[in-house]
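Report on the following structure.
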Amino acid sequence: QVQLGESGGGLVQAGGALRLSCVVSGSIFSLNVMRWHRQAPGKQRELVATITSGGNTMYTVSVKGRFTISRDNAKNTVYLQMNSLKPEDTAIYYCYANGRRSWSSYDNDYWGQGTQVTVSS
(Lines give C-alpha, C1' and ligand atoms only; values in the text may rest on other atoms or scores of the structure.)
Protein backbone atom coordinates (compact mmCIF):
# COMPACT_ATOMS: atom_id res chain seq x y z
CA GLN A 1 0.00 0.00 0.00
CA VAL A 2 2.91 2.33 0.65
CA GLN A 3 5.03 3.17 -2.35
CA LEU A 4 8.02 5.38 -2.94
CA GLY A 5 8.04 7.10 -6.30
CA GLU A 6 11.35 8.50 -7.48
CA SER A 7 12.10 11.01 -10.20
CA GLY A 8 14.83 13.36 -11.35
CA GLY A 9 17.48 10.96 -12.56
CA GLY A 10 19.08 11.29 -15.94
CA LEU A 11 22.23 12.01 -17.90
CA VAL A 12 24.34 14.99 -17.00
CA GLN A 13 27.85 16.18 -17.76
CA ALA A 14 30.51 16.34 -15.08
CA GLY A 15 30.08 19.47 -13.03
CA GLY A 16 26.36 19.56 -13.61
CA ALA A 17 23.52 19.16 -11.17
CA LEU A 18 20.43 17.06 -10.66
CA ARG A 19 17.70 17.00 -8.05
CA LEU A 20 16.16 13.68 -7.13
CA SER A 21 12.70 13.52 -5.61
CA CYS A 22 11.03 10.70 -3.74
CA VAL A 23 7.34 10.89 -2.90
CA VAL A 24 5.84 8.51 -0.37
CA SER A 25 2.32 7.64 -1.42
CA GLY A 26 -0.40 5.44 0.01
CA SER A 27 -1.53 5.04 3.57
CA ILE A 28 1.22 6.26 5.86
CA PHE A 29 0.75 7.45 9.42
CA SER A 30 4.20 8.82 10.09
CA LEU A 31 7.65 8.89 8.57
CA ASN A 32 10.86 8.68 10.51
CA VAL A 33 14.28 8.59 8.90
CA MET A 34 14.57 8.93 5.15
CA ARG A 35 17.66 8.05 3.16
CA TRP A 36 19.23 7.98 -0.25
CA HIS A 37 21.37 5.02 -1.26
CA ARG A 38 23.16 4.29 -4.49
CA GLN A 39 24.63 1.31 -6.24
CA ALA A 40 27.27 1.67 -8.92
CA PRO A 41 28.08 -1.10 -11.40
CA GLY A 42 30.13 -3.81 -9.74
CA LYS A 43 29.79 -2.27 -6.29
CA GLN A 44 27.64 -2.83 -3.24
CA ARG A 45 24.84 -0.48 -2.38
CA GLU A 46 26.07 2.37 -0.21
CA LEU A 47 24.38 4.92 1.97
CA VAL A 48 24.64 8.40 0.50
CA ALA A 49 22.62 10.66 2.77
CA THR A 50 20.26 10.46 5.72
CA ILE A 51 17.75 12.88 7.17
CA THR A 52 15.87 12.27 10.39
CA SER A 53 12.35 13.35 11.21
CA GLY A 54 13.88 16.25 13.12
CA GLY A 55 15.95 17.40 10.17
CA ASN A 56 19.33 16.09 11.25
CA THR A 57 21.41 15.15 8.21
CA MET A 58 24.35 12.88 7.48
CA TYR A 59 26.39 12.37 4.32
CA THR A 60 28.96 9.92 3.16
CA VAL A 61 32.35 11.56 2.84
CA SER A 62 32.50 11.32 -0.94
CA VAL A 63 29.45 13.56 -1.43
CA LYS A 64 29.76 15.87 1.54
CA GLY A 65 29.73 19.49 0.42
CA ARG A 66 28.21 18.63 -2.95
CA PHE A 67 24.93 16.89 -2.09
CA THR A 68 22.11 18.14 0.10
CA ILE A 69 19.29 16.02 1.45
CA SER A 70 16.06 17.70 2.49
CA ARG A 71 12.47 16.78 3.18
CA ASP A 72 9.03 18.28 2.94
CA ASN A 73 6.93 16.55 5.56
CA ALA A 74 3.71 18.10 4.30
CA LYS A 75 4.30 16.46 0.93
CA ASN A 76 5.85 13.24 2.28
CA THR A 77 8.78 13.91 0.01
CA VAL A 78 12.53 13.67 0.35
CA TYR A 79 14.94 15.36 -2.04
CA LEU A 80 18.56 14.95 -2.95
CA GLN A 81 20.16 17.97 -4.56
CA MET A 82 23.32 16.84 -6.32
CA ASN A 83 25.76 19.52 -7.40
CA SER A 84 29.23 19.34 -8.93
CA LEU A 85 28.53 15.85 -10.15
CA LYS A 86 31.41 13.56 -10.97
CA PRO A 87 31.56 10.47 -13.17
CA GLU A 88 32.04 8.37 -10.04
CA ASP A 89 28.58 9.48 -8.90
CA THR A 90 27.12 7.35 -11.68
CA ALA A 91 24.83 4.82 -10.06
CA ILE A 92 21.28 3.77 -9.49
CA TYR A 93 19.94 5.89 -6.66
CA TYR A 94 17.40 4.39 -4.28
CA CYS A 95 15.10 6.14 -1.85
CA TYR A 96 14.45 4.64 1.58
CA ALA A 97 11.97 5.54 4.26
CA ASN A 98 11.07 4.14 7.64
CA GLY A 99 7.53 4.69 8.78
CA ARG A 100 4.38 3.48 10.43
CA ARG A 101 1.02 2.84 8.83
CA SER A 102 -0.89 3.47 12.05
CA TRP A 103 -0.22 4.63 15.59
CA SER A 104 -0.24 1.03 16.82
CA SER A 105 1.75 -0.57 14.02
CA TYR A 106 5.40 -1.45 13.96
CA ASP A 107 7.93 0.42 11.89
CA ASN A 108 8.43 -0.73 8.31
CA ASP A 109 11.20 -0.23 5.80
CA TYR A 110 10.19 1.05 2.38
CA TRP A 111 12.32 1.23 -0.74
CA GLY A 112 11.93 2.98 -4.03
CA GLN A 113 12.48 1.33 -7.37
CA GLY A 114 15.65 3.26 -8.10
CA THR A 115 16.48 5.93 -10.63
CA GLN A 116 19.52 6.00 -12.88
CA VAL A 117 22.00 8.83 -12.61
CA THR A 118 24.70 8.93 -15.25
CA VAL A 119 27.47 11.51 -15.20
CA SER A 120 29.57 11.79 -18.33
CA SER A 121 33.12 13.09 -18.42
Side-chain angles (χ1 to χ4, degrees):
Q1 293 84 8
V2 177
Q3 298 186 55
L4 276 59
E6 299 171 325
S7 62
L11 175 64
V12 66
Q13 291 184 327
L18 288 172
R19 188 181 73 165
L20 306 183
S21 299
C22 174
V23 180
V24 180
S25 62
S27 181
I28 189 72
F29 177 72
S30 64
L31 290 171
N32 190 22
V33 64
M34 304 182 79
R35 297 184 175 117
W36 286 97
H37 298 246
R38 68 185 181 187
Q39 187 167 22
K43 295 186 177 181
Q44 292 185 309
R45 187 174 299 186
E46 68 168 335
L47 175 63
V48 177
T50 297
I51 184 166
T52 69
S53 60
N56 190 37
T57 60
M58 185 281 299
Y59 303 91
T60 191
V61 172
S62 63
V63 308
K64 191 173 181 64
R66 300 187 296 119
F67 291 10
T68 302
I69 187 171
S70 61
R71 63 193 291 167
D72 186 335
N73 292 328
K75 297 180 179 179
N76 288 334
T77 302
V78 62
Y79 305 94
L80 185 67
Q81 178 66 48
M82 304 184 294
N83 298 328
S84 302
L85 283 163
K86 304 175 180 179
E88 50 263 45
D89 294 319
T90 296
I92 301 175
Y93 284 72
Y94 298 91
C95 179
Y96 163 89
N98 177 266
R100 302 170 65 187
R101 287 173 287 182
S102 72
W103 70 270
S104 61
S105 67
Y106 50 83
D107 290 349
N108 283 329
D109 296 328
Y110 304 101
W111 288 91
Q113 77 285 354
T115 184
Q116 177 70 49
V117 172
T118 303
V119 184
S120 63
S121 60

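Note that the structure is a prediction, hence the values are computed from the model and not measured.
When all heavy atoms of S53 and N32 are compared, the closest pair comes out as OG-OD1, 3.5 Å. Summarising the geometry of T90 relative to A40, their closest heavy-atom pair is O-CB, 3.6 Å, with the distance given to 0.1 Å. In plain terms, the two heavy atoms of L85 and M82 that are nearest each other are CD2-CB, 3.7 Å. The two residues Q116 and I92 come nearest to each other via the heavy atoms OE1-CG1, 3.3 Å.
Hydrophobic clustering of Ile, Leu, Val, Met, Phe, Trp and Tyr side chains at less than 4.5 Å, counting indirect connections, unites L20 with Y59. By the criterion of side-chain heavy atoms lying less than 4.5 angstrom apart, applied directly or through intervening Ile, Leu, Val, Met, Phe, Trp or Tyr residues, I28 is grouped together with L4 in one hydrophobic cluster. Note on V33 and V24: separate hydrophobic clusters, where clusters join Ile, Leu, Val, Met, Phe, Trp and Tyr whose side-chain heavy atoms are under 4.5 Å apart, directly or indirectly.
Side chain of Y79 to backbone of T68: no donor-acceptor contact under 3.5 angstrom is found. Without hydrogens or angle criteria, E6 side chain to G114 main chain gives a donor-acceptor distance under 3.5 Å.
Applying the salt bridge (Lys or Arg N to Asp or Glu O under 4.0 Å) criterion to E46, with sequence neighbours excluded, gives R38. Listed by chain and number, the residues in a salt bridge (Lys or Arg N to Asp or Glu O under 4.0 Å) with R66 are D89 (sequence neighbours excluded). In terms of the side chain to side chain donor-acceptor pair (under 3.5 Å) criterion, Y94 has no residue partners (sequence neighbours excluded).
Listed by first and then second residue, the disulfide bond (SG atoms under 2.5 Å apart) pairs involving residues 38-88 amount to none (not counting sequence neighbours). Judged as a ring pair (Phe, Tyr, Trp, His ring centres under 6.0 Å), the pairs with a partner in residues 20-48 (not counting sequence neighbours) are, in order, H37-W111. Every pair tested for salt bridge (charged side-chain N to carboxylate O under 4.0 Å, His left out) that includes a residue from residues 12-23 fails, sequence neighbours excluded, so the list is empty.
A 6.0 Å sphere centred on CD of Q3 holds no more than 12 heavy atoms belonging to other residues, nucleotides or ligands.
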